[in-house]
Protein chains: 2
Amino acid sequence: MKPLFHPDTADIQLSSVLYALSDPVRLMMVYKLRQNGERACGDIELPIAKSTVSHHSRTLREAGVIRTRTHGTQRLLSLREEDLESRFPGLLKSILASYEETDEL
Amino acid sequence: MKPLFHPDTADIQLSSVLYALSDPVRLMMVYKLRQNGERACGDIELPIAKSTVSHHSRTLREAGVIRTRTHGTQRLLSLREEDLESRFPGLLKSILASYEETDEL
DNA sequence: TCTATCGTTCGATGATTATAGAACAATAAA
DNA sequence: TTTATTGTTCTATAATCATCGAACGATAGA
């Protein structure tokens, strides 16, 4: 089982984070992860195929937005809130607050 | 001279704003506009062709991030700071603050 | 060991994008 | 009126992306 790549906190790029969060599906994933805490891929209800979920998970992980750990056959996803807060203070909070202003929920 | 489309403040979409700001060139444009205030396209020093600047300007404008007005043969660009602040409080500020943390400047 | 579950990876597709150069439009200046 | 300036639009290109289904890999359970 190969270890999944996660960028170091210091290497998280603003452009990559903004890009990762600019997709409505990924933004919804992040929103739900913050609401509900760590979740398995399959437990996040999304209107897309599982291979697409996997793709989005990867994008978020490689941008440094989420962390993925293995537990049995499951992949547990969680928000890297502290890391993001230390790298870009206030950013995630304001984006998620903005998301709640939206009708995209 | 056809009028340029600008979305109403209420119609500005979070995903579109994040996408517009996820490109390094566009992010730099926005950063410089906030630093220097209203500027003509050509006065923003960028390492790309003018047709590409025009394309990026359009992306930012249609996302609701900047406003474009005509003055002679020039197009003057400015940040829609108040509009963005009222639609997504704190968002632009935290993104630009994050940008300053970066080595992309 | 065999099977079911969970998720990734592969291959393909249609769409979008960032980029540039050339041609064009509009305005200002000579 | 002719020319110069400013920026847009058109066309093209190479790259990336979101999506899906099928095949695969790893683990848990029977």
Side-chain angles (χ1 to χ4, degrees), chain A residues 1-6 13-33 36 38-78 104, chain B residues 1-6 13-33 36 38-78 104:
Chain A
M1 247 247 326
K2 49 183 165 183
L4 300 170
F5 170 76
H6 292 83
Q13 294 297 308
L14 178 60
S15 299
S16 304
V17 170
L18 295 179
Y19 179 76
L21 297 179
S22 73
D23 181 274
V25 171
R26 290 193 292 262
L27 192 50
M28 180 180 288
M29 290 175 69
V30 167
Y31 179 74
K32 290 187 172 187
L33 284 176
N36 307 323
E38 192 178 48
R39 278 285 178 282
C41 284
D43 294 350
I44 307 172
E45 292 173 14
L46 296 167
I48 51 176
K50 63 177 182 170
S51 59
T52 308
V53 174
S54 188
H55 163 258
H56 284 310
S57 300
R58 179 177 173 170
T59 300
L60 288 166
R61 174 173 50 78
E62 293 184 341
V65 177
I66 66 172
R67 179 166 280 125
T68 303
R69 67 185 182 95
T70 298
H71 180 254
T73 66
Q74 298 190 124
R75 292 292 175 93
L76 298 177
L77 311 182
S78 57
E104 299 178 35
Chain B
M1 248 243 330
K2 51 181 162 184
L4 300 171
F5 170 76
H6 293 81
Q13 294 297 310
L14 178 60
S15 299
S16 305
V17 171
L18 295 179
Y19 179 77
L21 297 179
S22 74
D23 181 272
V25 171
R26 289 192 294 260
L27 192 49
M28 179 181 288
M29 290 175 69
V30 167
Y31 179 74
K32 290 186 171 188
L33 283 177
N36 308 323
E38 192 178 49
R39 277 288 177 281
C41 285
D43 293 350
I44 307 172
E45 292 173 14
L46 294 168
I48 51 178
K50 63 178 183 171
S51 61
T52 307
V53 174
S54 188
H55 163 258
H56 285 310
S57 299
R58 179 177 172 169
T59 300
L60 288 167
R61 175 173 49 78
E62 293 184 342
V65 177
I66 67 172
R67 178 166 281 124
T68 302
R69 68 184 181 95
T70 297
H71 179 254
T73 65
Q74 297 191 123
R75 292 292 174 93
L76 298 176
L77 311 182
S78 57
E104 299 178 36

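Below, chain A is the first sequence line, B the second, and so on; all start at residue 1. Since the structure is predicted, the reported quantities are computational estimates derived from the model, not experimental observations.
Between Arg75(B) and the phosphate of dT8(D), there is a side-chain N or O to OP1/OP2 separation shorter than 4.0 Å. Under 4.0 angstrom from either OP1 or OP2 of dA18(C) there lies at least one side-chain N or O belonging to Arg26(B).
Without hydrogens or angle criteria, Ser57(B) side chain to Val53(B) main chain gives a donor-acceptor distance under 3.5 Å. A donor-acceptor contact shorter than 3.5 Å links the side chain of Ser22(B) to the backbone of Tyr19(B).
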*Passes side-chain contact (heavy atoms from CB on, under 4.5 Å), Leu76(B) versus Arg39(B)? Steps please.*
CA-CA 5 Å; Leu76(B) 298 176; Arg39(B) 277 288 177 281; over 6 Å; no

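A straight line from CD1 of Ile48(B) to P of dT17(C) spans 16 Å, rounded to a whole angstrom. To the nearest angstrom, P of dT5(C) lies 15 Å from CG of Asp43(A). We find that CG of Leu60(B) is positioned 14 Å from C1' of dT17(C), with the value rounded to whole Å. Regarding Gln74(A), its CD atom lies at a distance of 10 Å from the P atom of dA28(D), rounded to whole Å. When the P atom of dC6(C) is taken as reference, atom CG of Leu46(A) falls 16 Å away, rounded to whole Å. In this structure, the CG atom of Leu21(A) is 12 Å from the P atom of dA18(D), given to the nearest Å. Remark: P of dG25(D) and CG of Leu4(A) are 17 Å apart, rounded to the nearest angstrom. Taking atom OH on Tyr19(B) and atom P on dA18(C), their separation rounds to 3 Å, with Å as the unit.
In this structure, of dG7(D), dG7(C), dA20(C), it is dA20(C) that holds the atom nearest to the side chain of Ala49(B). Considering only side-chain atoms of Val25(A), the nucleotide from dG7(D), dT19(D), dT5(D) that sits closest is dT19(D). With dT8(D), dT19(D), dT8(C) as the candidates, the nucleotide lying closest to the side chain of Lys50(B) is dT8(D). For Thr52(B), the side-chain atoms get nearest to dT19(C) when compared with the rest of dC20(D), dT19(C), dT8(C). The side chain of Thr73(A) lies closest to dA26(D), out of dA26(D), dA26(C), dT8(D).
Taking only distance into account, the side chain of Ser51(B) meets the base of dG21(C) through a donor-acceptor pair shorter than 3.5 Å.
For CZ of Arg58(A), the number of neighbouring non-hydrogen atoms (other residues, nucleotides, ligands) closer than 6.0 Å is 12 at most.
Note on His56(A): only backbone sugar-phosphate atoms sit closer than 4.0 angstrom, heavy atoms only; bases stay farther off.
Distance check, rounded to the nearest 0.5 Å: NE2 of His55(A) to CG of Asp23(A) gives 8.5 Å.
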